[in-house]
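Before any comments, here is the structure.
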Amino acid sequence: MSFEPCPELSVIVPFYNEEGNIAPFLTALSRQQGVRLEVILSDGASGDRGADEAKRLCGKLPFPIRVIEGEKGRAGQLNRGALAARGATFLFLHIDSYFEDPLSLRNGLDALVAAGAARVAGRFALTFEFAGPTPLPYRFYGQKATLDRPGCTHGDQGFLIGRAFFEQAGPFDAGLPLMEDTFFAEQVRSMGRWLLLPASIRTSPRRFLAEGLLSRQSLNAVLMNLAHTGHLQLIHDLKRSYQSQDATGKLRLGPFFYPLAEAIRALPRDERRRLWRETGAYVRGNAWQLALFMDVLTGDIEAGKGGRFLLLYDRFVARLIANRAGDMGAALLVRLWFRLTLAALP
């Protein structure tokens with residue numbers, strides 16, 4: 001395959017200590033057809049030979065590969081990759097993700113062009129890699145990722161975005177200790193719109209399996225809430241709350257939840273009340289996820305839309321609880337959950 005001086009697509013991939021995933025990722029990407037691409041691997045000061053493995057493969061695959069190096073930090077790595085990119089369109093991709101359909105990227109680019117808007121970005125439907133049937137929670141996460149709602153778009157879906165729009169909506173916020181992809185997704189949503197692309201991306205559930213699904217999602221929920229209410233600083237050790245994949249193990253909630261409880265109690269009374277009030281509003285605003293779960297459980301669902309439970313929720317329940325009483329009720333339930341969780345921790 002010949003390459004033009006400026007590739008059509010720049011695939012930007014941050015990595016850290018991923019030596020074993022470099023070759024499988026690039027090999028899977030080499031199966032994509034009908035698109036001129038370059039791959040930019042942004043290393044975050046890895047301690048293994050991942051960068052050497054990538055450089056060894058340069059010239060052996062049907063696209064150019066560049067390895068750029070810098071400090072660890074996903075946002076910074078993504079931004080450095082974007083600065084080095086030559087393509088008119090960027091695809092920010094995780095290294096543990098791949099496409100089964102060899103026309104995924106071609107169809108994605110075509111869909112983005114067909115959208116006919118300058119401020120539109122694309123994300124792929126999400127599936128998880130299991131040898132057998134996909135467990136219910138992961139089917140729920142996959143369906144949630146198809147919805148065009150705040151908090152449903154994350155980096156593991158891949159972000160396909162034109163250079164010009166990225167320069168308007170970006171860069172990724174390197175000042176954030178985590179969730180830079182989520183904040184960037186909401187910035188895109190506020191400035192334009194997200195398009196669900198006509199292909200799916202498969203990703204590894206390795207973090208959930210290593211840390212424990214319930215523990216990881218419980219901590220994620222707390223982090224998302226604290227970020228939304230502007231209280232992320234209440235988690236004393238944010239860097240440890242989302243460690244690099246090579247350092248993951250069974251996640252213990254105690255080291256995060258006990259200090260968090262103390263930090264909340266130490267807040268001035270008015271600030272503490274505001275925190276719980278805003279927590280209630282945030283949780284109430286996300287109660288639709290219970291309806292979506294019921295749709296996934298019953299199988300009555302359509303990608304991008306949900307099913308009858310979500311439809312009924314949006315038409316009736318959401319209107320009934322969108323008030324101060326609904327926020328207070330949600331806040332009380334969250335406080336009860338938090339106390340019970342603390343009591344159950346070792």
Under 3.5 Å, side chain of [X] to main-chain N/O of [Y], donor-acceptor pair present?
X	Y	answer
Q157	H154	yes
D181	D156	no
R202	T127	no
R123	L160	no
T146	G304	yes
N225	A221	no
S30	T27	yes
T298	D295	yes
D43	Y16	no
Q143	G306	no

Do the ring planes of [X] and [Y] sit parallel (below 30°), tilted (30 to 60°) or perpendicular (above 60°)?
X	Y	answer
Y138	F128	perpendicular
F90	F166	perpendicular
W194	F159	tilted

If I take atom [atom1] from residue [X] and atom [atom2] from residue [Y], how far apart are they, to the nearest 0.5 angstrom?
X	Y	atom1	atom2	value
H231	L223	NE2	CG	14.5 Å
L109	L103	CG	CG	11.5 Å
F92	S10	CZ	OG	9.0 Å
L41	F25	CG	CZ	7.0 Å
T134	R139	OG1	CZ	7.5 Å
N220	M179	CG	CE	8.5 Å

Practice item. Please step through side chain to side chain contact (heavy atoms under 4.5 Å, CB included) for the pair F63 and L26, ending with a clear verdict. Key: CA-CA 10 Å; F63 43 71; L26 292 173; 4.1 Å; yes
Residues [X] and [Y] bridged, charged N to O under 4.0 Å:
X	Y	value
K250	E211	no
R106	D110	yes
R49	E53	no
E69	K55	yes
E186	R149	no

Practice item. Please check if any side-chain donor atom of Q32 sits under 3.5 Å from a side-chain acceptor atom of Y98, or the reverse. Key: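 Q32 vs Y98: no donor-acceptor pair found between side chains.
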Exercise for review: Check whether the side chains of T153 and R189 place a donor and an acceptor atom closer than 3.5 Å, and report yes or no.
Suggested key: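 Yes, a side-chain donor-acceptor pair sits under 3.5 Å.
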**Study point:** Evaluation steps, side chain to side chain contact (heavy atoms under 4.5 Å, CB included), between D173 and F183
**Key:** CA-CA 8 Å; D173 190 346; F183 280 88; 5.7 Å; no
Review point. Does R252 CZ have over 12 foreign heavy atoms under 6.0 Å away?
Key: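 Atom CZ in R252 is not crowded, with 12 or fewer foreign heavy atoms closer than 6.0 Å.
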Point to revise | Worked check of side chain to side chain contact (heavy atoms under 4.5 Å, CB included) between I40 and V11 | key: CA-CA 6 Å; I40 299 174; V11 181; over 6 Å; no
Exercise for review: Before giving the answer on side chain to side chain contact (heavy atoms under 4.5 Å, CB included), spell out for R206 and D96 the whole-Å C-alpha distance, their side-chain angles and the decisive distance to 0.1 Å.
Suggested key: CA-CA 9 Å; R206 55 183 180 159; D96 58 356; 3.1 Å; yes
